[in-house]
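Just so you know, ligand 1 is whichever comes first in the structure, and atom 1 is the first atom listed for that ligand. These numbers were taken from a predicted model, which means no experiment stands behind them.
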Amino acid sequence: MFNLILFGPPGSGKGTQSEKLIAKFSLKHLSTGDILRSEIRNGTALGLEAKSLMDQGQLVPDAVVIGMIRSSLEHNPDARGFLFDGFPRTNAQANALDALLAEKNTSINIVLALQVSKSELVKRLLNRGLTSGRTDDVNESIIGSRIEEYERKTAAVADHYKKVHKVVYISGEGTVEEIFQKLCDEIEEKLKSKK
Ligand code: B4P
């Protein structure tokens with residue numbers, strides 16, 4: 001199996017690049033943001049709880065997202081590998097993911113961390129808010145809270161994987177194609193060293 005984490009602040013291009021990477025490398029895409037938005041659309045109890053937090057730019061409790069990932073892993077026993085997008089976002093989530101993958105006798109192969117300036121993040125998210133209907137993209141104050149949550153709770157998750165030399169930083173500024181090419185080069189290099 002080949003498992004990768006696409007890491008970075010809100011608006012850094014995780015969702016955008018994930019779509020292209022899963023198609024090229026035949027990986028199963030697990031986006032906690034997408035799963036949560038689908039729970040909200042379906043009006044589930046979990047969705048209702050998540051919506052009020054997401055609308056304030058806060059993270060959803062660890063137990064909720066860890067449960068979602070556990071269930072997604074169980075439902076995809078034949079996957080060739082997973083692309084984790086927007087997960088893990090806390091150290092507790094990273095520890096849980098390590099344990100869940102160890103149960104499947106596998107682990108994370110690489111963490112690709114996208115780096116984008118704060119002004120560019122805000123610009124992209126406000127721009128997406130014009131058309132996406134996403135309530136967490138509509139104003140600068142919610143976007144600011146999401147970036148603060150990232151800095152407070154999520155940025156340190158990179159250290160968890162740095163200890164085992166799995167993090168590669170990539171500039172997330174430039175065209176979607178340019179960034180995609182850089183991500184592909186890193187993955188191909190990693191796949192070669194696995195053989
Ligand atoms: P996510 O769905 O993960 O949302 P995101 O971080 O905003 O998305 P992403 O980074 O993928 O967006 P992209 O750059 O692709 O999370 C939403 C919320 O869900 C969180 O705030 C939290 O409340 C909750 N949540 C999710 N996972 C959780 C977890 N594990 N634990 C707890 N809570 C969790 O796209 C942004 C825009 O940039 C797009 O419009 C795109 O077109 C544009 N763009 C992309 N690349 C570009 C480029 N190179 N140049 C110009 N524009 C670009």
Side-chain angles (χ1 to χ4, degrees), residues 4-22 29-41 46-73 82-97 100 111-158 160 170-183:
L4 89 90
I5 294 173
L6 201 52
F7 189 77
S12 55
K14 302 183 298 287
T16 305
Q17 295 294 337
S18 290
E19 293 300 332
K20 296 170 72 67
L21 292 170
I22 53 161
H29 185 197
L30 293 185
S31 157
T32 40
D34 286 352
I35 301 171
L36 289 166
R37 281 184 289 277
S38 138
E39 295 282 342
I40 293 172
R41 273 195 306 278
L46 191 160
L48 272 179
E49 182 191 350
K51 184 170 173 19
S52 63
L53 292 164
M54 289 166 80
D55 283 352
Q56 296 170 64
Q58 291 176 12
L59 293 183
V60 171
D62 287 335
V64 172
V65 282
I66 292 167
M68 287 172 1
I69 290 289
R70 180 183 294 114
S71 151
S72 300
L73 292 177
F82 293 95
L83 187 163
F84 297 94
D85 161 10
F87 180 91
R89 261 173 153 100
T90 63
N91 277 324
Q93 293 179 20
N95 288 326
L97 179 60
L100 287 169
V111 178
L112 295 170
L114 293 168
Q115 293 183 298
V116 176
S117 69
K118 194 169 167 178
S119 58
E120 173 71 11
L121 297 174
V122 173
K123 194 173 92 190
R124 286 184 191 178
L125 294 173
L126 283 174
N127 194 35
R128 181 170 67 185
L130 296 175
T131 53
S132 67
R134 273 181 60 167
T135 43
D136 56 348
D137 282 344
V138 286
N139 73 55
E140 211 160 331
S141 139
I142 301 173
I143 291 171
S145 303
R146 289 163 64 192
I147 295 172
E148 272 170 33
E149 279 279 86
Y150 173 82
E151 285 164 356
R152 212 172 24 234
K153 299 178 182 166
T154 306
V157 172
H160 176 97
I170 307 263
S171 167
E173 297 197 32
T175 67
V176 169
E177 263 326 302
E178 281 163 359
I179 299 159
F180 178 60
Q181 197 49 55
K182 286 189 272 181
L183 293 169

[atom1] of [X] to [atom2] of [Y]: how many Å apart, nearest 0.5 Å?
X: Asn95; Y: Leu100; atom1: CG; atom2: CG; value: 11.0 Å
X: Ser171; Y: Glu178; atom1: OG; atom2: CD; value: 9.0 Å
X: Thr16; Y: Ile179; atom1: OG1; atom2: CD1; value: 9.0 Å

Purely on distance, is any nitrogen or oxygen of [X] under 3.5 Å from one on ligand 1?
X: Arg146; value: yes
X: Asp34; value: no
X: Gly57; value: no
X: Thr32; value: yes
X: Gly174; value: yes

Ligand 1 contact on [X] by region, counting heavy-atom pairs under 4.0 Å:
X: Arg134; answer: side chain
X: Val65; answer: side chain
X: Leu36; answer: side chain

[X]: numbered ligand 1 atoms lying under 4.0 Å from its heavy atoms:
X: Gly15; value: 9 (P), 11 (O), 15 (O)
X: Gln58; value: 22 (C), 23 (O)
X: Ile179; value: 49 (N)
X: Gly86; value: 27 (N), 28 (C), 29 (C), 30 (N)
X: Arg37; value: 2 (O), 17 (C)
X: Pro9; value: 10 (O)
X: Phe87; value: 30 (N)
X: Gln93; value: 29 (C), 30 (N), 31 (N), 32 (C)

Considering heavy atoms of the protein only, find what lies nearest to [atom] and give residue, atom and distance to 0.1 Å.
atom: atom 39 (C) of ligand 1; answer: Arg128 CD, 3.7 Å
atom: atom 6 (O) of ligand 1; answer: Lys14 NZ, 3.0 Å
atom: atom 42 (O) of ligand 1; answer: Thr16 OG1, 4.1 Å
atom: atom 50 (N) of ligand 1; answer: Arg124 NH2, 3.5 Å
atom: atom 18 (C) of ligand 1; answer: Met54 CE, 3.8 Å
atom: atom 14 (O) of ligand 1; answer: Gly13 N, 2.4 Å

Close side-chain approach of Pro61 to Leu53, heavy-atom, < 4.5 Å: yes
Close side-chain approach of Arg70 to Leu73, heavy-atom, < 4.5 Å: no
For residues Ala155 and Phe7, report the shortest heavy-atom separation together with the two atoms involved. O-CZ, 4.1 Å
Which atom pair, heavy atoms only, marks the closest approach of Leu6 to Ser18? CD2-OG, 3.5 Å
Salt bridge check: are [X] and [Y] linked by an N-O gap of less than 4.0 Å?
X: Lys20; Y: Glu177; value: yes
X: Arg146; Y: Glu149; value: no
X: Glu120; Y: Arg124; value: yes

Between Arg89, Glu149, Gln56, Gln17, flag the one that comes closest to atom 20 (C) of ligand 1 by a heavy atom. Arg89
From atom 32 (C) of ligand 1, work out which of Ile69, Ile35, Ile143, Val60 has a heavy atom at the shortest distance. Val60
Backbone of Lys153 reached by a side-chain donor or acceptor of Thr90 within 3.5 Å: no
Please confirm whether the backbone N or O of Gly13 pairs with a side-chain atom of Gln17, one donor and one acceptor, at under 3.5 Å? no
Knowing that exactly one of Leu83, Asp85, Leu97 qualifies, which makes a side-chain contact (heavy atoms from CB on, under 4.5 Å) with Ile5? Leu97
Gln56 side chain to Ser145 side chain, donor-acceptor N/O pair below 3.5 angstrom: no
